[in-house]
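Atoms considered below: every heavy atom in the structure, side chains included; atoms not considered: hydrogens, waters and symmetry mates. Keep in mind that this is a model prediction, so the values were computed, not measured.
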Amino acid sequence: MHKRGLLFYVKIYLKIIKQDIKSKMTYRADFIISNFGMIIQQAAGFITFWLIFQNFPSVAGWKYEEMLFFYGFSLIALTPMQCFFDNNWFLQQKVYSGDFIKYCLRPINIFFYFISEIFDLKGLGLLTAGIAILAYSWVQLEIAFSFLILLILIVNLFAASLFLIGIMNIAAAVCFWTVTGEIAMVFAQQFQGYARYPIAIFNRVLRFLFTFIIPIAFVSYYPSLVFLRPDNIPLLTWLSPLIGVLFFMLSYFIWMKGAKNYNGTGS
Amino acid sequence: MIKRYLALTRIGIMRVIQWRGSLLITFAGNIVYLLIIYNIWRAIYSSSPAETVNGMTFTDTMVYLVLAMTIFNVLNIFIVWIMGEDIRSGQMVLDLIKPMSFRSYTFFSTLGGNIVQFFVVFVPTFIIVNIITGGAIAIGLNIFFFLISLFLAMIIFFFIEFAVGTLCFYTESVWGINIVKETMVLLLSGAMIPIAFFPAGFRNVVNYLPFQAIYNTPLRILTEEKMPLNNILQMLFVQLIWVAVFYIAGGLFWNISIKRITVNGG
């Protein structure tokens with residue numbers, strides 16, 4: 001397989017996505033209801049925090065607005081995965097049915113071709129909720145705003161989303177080796193939800209687990225500290241963009257190794 | 001008459017037991033969830049000046065939330081998903097021509113799943129919680145009322161699921177409809193945060209909604225040992241009213257919907 005340029009892939013991606021969006025738009029009601037559902041779900045998350053702080057002054061020293069900051073940050077970081085990488089959920093089904101073989105037979109990158117097939121519009125509801133919550137807490141906390149801080153925010157959000165995508169890639173790739181791939185996906189999704197809490201409130205075992213094994217501490221906690229605790233930023237916060245890129249690459253290699261092992265179902 | 005319904009339930013039980021893998025996922029997922037909420041609520045209570053907040057200590061809250069989680073497992077049998085998929089694939093036509101009402105057919109065939117989850121998830125968790133907390137939950141007449149209340153909660157939850165499943169005839173959106181339902185039920189029933197923590201105004205509104213009858217009612221009957229019999233009977237009565245309301249309204253909604261649907265590939 002010879003290498004193709006980036007421009008070639010961008011062109012192909014836009015073409016495939018256009019088809020997918022066209023086909024989805026025939027179910028317009030589904031698009032509206034799904035996004036509404038996404039927003040309702042996040043509104044409930046917001047209300048949950050609000051209810052807690054109606055009864056308690058803080059969560060181990062973290063203020064209401066700070067908890068919301070972590071939450072909003074994690075929702076925005078979740079968006080790229082939801083929009084662009086949702087096809088991972090259908091990997092297992094395609095591997096078992098044998099349909100996956102179609103991706104192996106095209107002269108383009110297998111991972112790219114598989115992932116590009118679906119653009120999940122539900123992510124837009126997620127993004128809306130995330131921006132609203134982050135903006136609200138940002139204003140309430142009176143965090144200074146400058147071009148530099150916006151740049152750091154974007155870089156950190158980008159890195160955070162790489163961690164989430166990486167986790168889901170690895171979880172999805174499990175199905176190349178075992179028949180219990182579903183378990184890995186369900187678990188990984190469960191952990192995504194826990195990324196909204198500041199990791200500092202957990203005990204040592206969970207902190208270790210969430211930093212070094214299933215790195216959800218990098219989804220919201222470490223990157224947010226730049227804005228919430230600017231006087232005391234840990235080293236891991238600065239390193240998180242670099243680790244994010246490395247982690248994503250690792251997940252890509254695992255996924256591709258699984259795909260190369262794929263023998264089809266013989267039918 | 002009742003025999004053919006119970007046959008459906010028996011098949012349901014056998015089908016769920018076949019899926020041991022998914023029971024394992026539930027179990028492992030619960031353990032992680034437990035660890036997380038334990039840590040979160042410990043952090044929340046650590047910043048409180050008082051040990052008891054709204055009449056609930058840290059232990060009370062944990063017991064409540066852990067049991068809420070297991071009730072979620074007992075109740076949640078994906079009826080909306082099954083109905084949505086049956087509508088999409090056209091399989092529903094085959095169930096509609098069966099010689100019993102579709103609602104009863106669905107209820108009794110999914111009841112098997114509830115029963116298995118009750119014995120596999122709820123009972124062991126209940127025993128473990130009671131051992132760890134040194135008998136936080138009194139064992140007496142409250143267990144009897146709890147079982148009645150849980151059964152009523154199950155019926156109410158089934159009717160809500162069934163009504164939402166019926167809605168899928170109109171929308172072709174299963175994911176969106178289901179997530180709205182799940183979010184509303186979990187938040188407004190007190191499954192995520194006990195209703196005791198809701199501000200008074202909010203709590204009043206929630207008390208007039210059917211959702212609190214699903215989690216809050218059975219859990220309070222189980223955990224508040226000093227609750228007067230009068231209160232218990234009153235709460236059970238409210239549950240019965242909701243069962244009646246949903247039985248009639250849900251039935252009407254279904255009868256209207258079934259007349260105007262088209263099922264794919266039928």
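- For Ile36(B), the parts sitting under 4.5 Å from any heavy atom of chain A are the backbone and the side chain alike.
- Heavy atoms of other residues, nucleotides or ligands lying less than 6.0 angstrom from CZ of Phe122(B) number more than 12.
- Using a 4.5 Å cut-off between heavy atoms, Leu206(A) contacts chain B through its side chain alone, with no backbone atom that close.
- With a 4.5 angstrom heavy-atom cutoff, Phe191(A) touches chain B only via side-chain atoms.
- Heavy atoms closer than 4.5 Å to chain B are found in the side chain of Phe187(A), but not in its backbone.
- Under the 30°/60° scheme for interplanar angles, the aromatic rings of Trp41(B) and Phe56(A) are found to stand perpendicular.
- Atom CG of residue Asn178(B) and atom CD1 of residue Ile33(A) lie 12.0 Å apart, to the nearest 0.5 angstrom.
- No part of Tyr38(B) comes within reach of chain A, as not one of its non-hydrogen atoms sits under 4.5 angstrom from that chain.
- Residue Leu187(B) touches chain A through its side chain alone, counting heavy-atom pairs closer than 4.5 Å.
- In this structure, no portion of Trp62(A) lies under 4.5 Å from any heavy atom of chain B.
- Remark: the backbone N or O of Val180(B) is not paired with any side-chain donor or acceptor of Gln41(A) at under 3.5 angstrom.
- One distance of note links CE of Met192(B) with CD1 of Ile47(A); it measures 11.5 Å at 0.5 Å rounding.
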Please assess Phe197(B) against Ile52(A) for the test side-chain contact (heavy atoms from CB on, under 4.5 Å), listing each intermediate value before the final yes or no.
CA-CA 8 Å; Phe197(B) 288 113; Ile52(A) 290 173; over 6 Å; no

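- Comparing Asn35(A), Asn203(A), Ile39(A), Ile32(A) by heavy-atom pairs within less than 4.5 Å of chain B, the highest count is held by Asn203(A).
- Taking CH2 of Trp175(B) as the reference point, atom NZ of Lys122(A) lies at 5.0 Å (rounded to 0.5 Å).
- If you take CD on Gln42(A) and OG1 on Thr183(B), they are separated by 8.5 Å, rounding to the nearest 0.5 Å.
- Neither the backbone nor the side chain of Leu186(B) comes within contact range of chain A; no heavy atom of the residue lies under 4.5 Å from a heavy atom of that chain.
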